[in-house]
Amino acid sequence: MIPRRTLRPDYSISRLILGGWQFSPGHHPDGYDLDEVLETLVEVADLGVTTFDCADIYEGVEELYGRFLARWKTTSAHRPIQIHTKFVPDLQALATLTKADVARVVDRSLRRLGVDRLDLVQFFWWDAQTPGFEQTGVWLDELRSAGKIRHLAVTNLSVERCRRLRDAGVELVSDQVQYSVLDRRPERTLVPYAQEEKMALLCYGGLAGGFLTDRWLGKPEPEGLRLNRSLVKYRLIIDELGGWEGHQRLLSTLRGIADEQGVDIAAVAVRFVLDQPGVAAVITGASSVRQVASTMKAFEVELTDADRARISEAVGGGYGPPGDVYDLEGDRTGRHGRIMKYGLQSGEAATAPRAR
Ligand SMILES: NC(=O)c1ccc[n+]([C@@H]2O[C@H](COP(=O)([O-])OP(=O)(O)OC[C@H]3O[C@@H](n4cnc5c(N)ncnc54)[C@H](OP(=O)(O)O)[C@@H]3O)[C@@H](O)[C@H]2O)c1
C-alpha cells in the first residue's frame, strides 16, 4: 500500500499521485483506447494511488477522470479518490479576467469531473507583472467558501508570489513544482517557506519525463529522435546541468543504488524526492500499470546519507539549474519559455513539434 500524507485535518492524499498530462493529446497525439485507460486508472487506484492530477488545460483529461470516478464507484466503492485540477487562465486573458470568467472555468471543471466540489484547485498566473493575480486568488477563495472548491493551491509559484496570495488572505494547501534529482531549485527558497507556512510540495518531473529511468541508461544522446513534449522540456534541464555525458554518469550512479536495493532507477529517483523536507507527494506520469508498480517500489527503498551524497555529487553538488522555481520557464523569450503553450483555454493546439 502507498503511504498517505495529511495536508489538512479533513484531507489526505497518497504520496504517489498519478499525473494526467500523459493522457492528453498534447502528449498522446495518436489517442488511446478509452476503455483500456479507464481500466488502467482503476488498477492504479486499486494499488493505493488514490490521488490523481489533471488541469483545466489538459484537453479531455478532466472528462476522462469524470468517467473514471463513475466507473470506480461501480467497481470498488471502498476508498475515496482525490482529483487535483488546475486553474490556468491564458496569458492573453489575464489583464481582462473577470470574476464570472473564473466561476465559469470552475463550473466547467465541476461538470467535466461530475462532482459537486473540486478537491484541490492549483492556480497558476503566467505573468507576475499583469495586475489581477491576487484578485483572482481571492475570487477562487470565494468559490472555496461557497463550497465549490475544497482546498486551494498553486503551481509553479515562487515564494514571493505565494506570499502575495497569503497577504491577500488566501490560504494555500500546496505548491506543485518541478523537483527531482536533477532539479533541486525548490531548495533555494521554497522548501523553508513551504514548511513555515504548512504548504505541501507536490512534485512533478521526478522521472524527468522518463529520462530518469532505466530506458535511457547507456543510450546515445537522443539527437534527431522525435521526443514527446515532456522529454523536450526535461532535455533542456539536462542541458542546463552540462548535457548527456553527465546525465549518463547520474544514471549509472542511480543504477548502482538501484542494484543494491533490487529496484528500477525510477524507484530510486522518486525515493530521493519523497525524502526531501516539505515534499508531500511525487506526481508521476505512466503509460501502464506496470510502470506505476515499478515506481511504487520507491516506498521499499531506503536511501542512506551516503547514497544521497553520491546522487548529489553526480549532478554537480548544487541545486541544479540556476534560479528559483520556474525562473527559467517563466522567461518567455528563453529556450525553456519558448516551448510553452500560453493559450490552451482558447484552443491553442497542445501538440507542439516533437523533434528537437
Ligand atoms: N504543473 C506543471 O507545470 C506540470 C508540469 C509537468 C507535469 N505536471 C504533472 O505531473 C505529471 C507527471 O508528469 P512529469 O512531467 O512529471 O512526468 P514524469 O513522471 O517525470 O515521467 C513520466 C514518464 O516516465 C516514463 N515512466 C514512468 N514510470 C516509469 C517507470 N517505472 N519506468 C520507466 N519509465 C517510466 C513514462 O514514459 P512513457 O510514457 O514514454 O513510457 C511516463 O510517461 C503530469 O501528468 C502532470 O499531471 C505538471
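Remember, it's 1-based here, ligands and their atoms both numbered in the order they're listed. Because the structure is a prediction, the values reported are computed rather than measured. Just so you know, residue 1 is the first one in the sequence shown, and it goes up from there.
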Counting only pairs under 3.5 Å, give me each side-chain donor-acceptor contact of residues 206-214, with atom names and distances, residues two or more places apart or in other chains.
residue	atom	partner	partner atom	Å
Thr213	OG1	Gly210	O	2.6
Thr213	OG1	Arg215	N	3.3
Asp214	OD1	Arg255	NH1	2.7
Asp214	OD2	Arg255	NH1	3.3
Asp214	OD2	Ile265	N	3.0

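- Of the possible polar contacts, one joining the Gln261 side chain to the Glu302 backbone as a donor-acceptor pair under 3.5 Å is found.
- For the ligand labelled ligand 1, residue Phe211 lies outside the 4.0 Å heavy-atom shell.
- In the vicinity of Tyr58, heavy-atom distances shorter than 4.0 Å reach the ligand 1 atoms 4 (C), 8 (N), 9 (C), 46 (C), 47 (O), 48 (C).
- Contact annotation for Val292 and ligand 1: no heavy atom of the residue comes within less than 4.0 Å of the ligand.
- For ligand 1, the atoms sitting less than 4.0 Å from at least one non-hydrogen atom of Gly210 are 21 (O), 23 (C), 24 (O), 25 (C), numbered in the order shown with element in parentheses.
- Both the backbone and the side chain of Leu207 come within contact range of ligand 1, each with a heavy atom under 4.0 Å.
- Residue-to-ligand polar distances keep Ala266 apart from ligand 1: every N/O pair is separated by 3.5 Å or more.
- The aromatic rings of Tyr65 and Phe23 sit perpendicular to each other, their planes meeting at more than 60°, with 30° as the lower class boundary.
- Ionic pairing of Asp101 and Arg104 is present here: one or more N-O contacts between side-chain nitrogen and carboxylate oxygen are shorter than 4.0 angstrom.
- Near Gly205, with a cut-off below 4.0 Å to any heavy atom, the atoms of ligand 1 are 14 (P), 16 (O), 20 (O).
- In the vicinity of Asn156, heavy-atom distances shorter than 4.0 Å reach the ligand 1 atoms 1 (N), 2 (C), 3 (O).
- A cation-pi geometry, defined here as NZ or CZ lying under 6.0 Å from the six-membered ring centre and within 45° of its normal, holds between Arg161 and Phe133.
- In this structure, His151 and Tyr11 have tilted ring planes: the angle between them lies in the 30° to 60° band.
- Put simply, no part of Asp264 is less than 4.0 Å from ligand 1, judged by heavy atoms.
- A side-chain donor from one of Gln122 and Asp53 sits under 3.5 Å from a side-chain acceptor of the other.
- Ligand 1 has no nitrogen or oxygen under 3.5 angstrom from a nitrogen or oxygen of Asn228.
- With respect to the salt-bridge test (charged N to carboxylate O, under 4.0 angstrom), the residues Glu260 and Arg310 qualify.
- In terms of protein heavy-atom proximity, atom 36 (C) of ligand 1 is closest to Gln291 OE1, 3.5 Å.
- Geometrically, ligand 1 and Gln176 share a nitrogen or oxygen pair separated by less than 3.5 Å.
- Here Arg150 pairs with Asp10 in a salt bridge; the nearest charged N to carboxylate O distance falls below 4.0 Å.
- Of all the heavy atoms of Thr213, the ones lying under 4.0 Å from any atom of ligand 1 belong exclusively to the side chain.
- Every atom of ligand 1 is numbered from 1 in the order shown, and the set under 4.0 Å from a heavy atom of Thr284 is 12 (C), 19 (O).
- Of the candidates Ala298, Gly285, Ala293, it is Gly285 that places a heavy atom closest to atom 42 (C) of ligand 1.
- Heavy-atom proximity to atom 37 (O) of ligand 1, evaluated over Arg215, Met296, Gln22, is greatest for Arg215.
- The closest approach between a heavy atom of Lys233 and any atom of ligand 1 is below 4.0 Å.
- For ligand 1, the polar-atom distance check finds no N/O of Cys54 at less than 3.5 Å from any of the ligand's N/O atoms.
- Here the closest heavy-atom approach between residue Arg144 and residue Ile149 is recorded as CG-O, 3.2 Å.
- Note: Trp244 and His247 have tilted aromatic rings, judged against thresholds of 30 and 60 degrees for the angle between ring planes.
- Looking at Lys86 against ligand 1, only its side chain comes within 4.0 Å, counting heavy atoms.
- Considering both main-chain and side-chain atoms, Asp53 comes within under 3.5 Å of ligand 1 through a nitrogen or oxygen pair.
- Residue Ala55 does not touch ligand 1, judged by heavy-atom distances below 4.0 Å.
- Under the 3.5 Å distance criterion, the side-chain polar atoms of Asp307 are matched with a main-chain donor or acceptor of Thr304.
- The residue among Trp21, Tyr204, Tyr234 with a heavy atom at the shortest distance from atom 15 (O) of ligand 1 is Tyr234.
- Using a 4.0 Å cut-off between charged nitrogen and carboxylate oxygen, Arg8 and Glu171 count as a salt-bridge pair.
- Within ligand 1, counting atoms from 1 as listed, the ones closer than 4.0 Å to a heavy atom of Gly19 are 11 (C), 44 (C), 45 (O), 47 (O).
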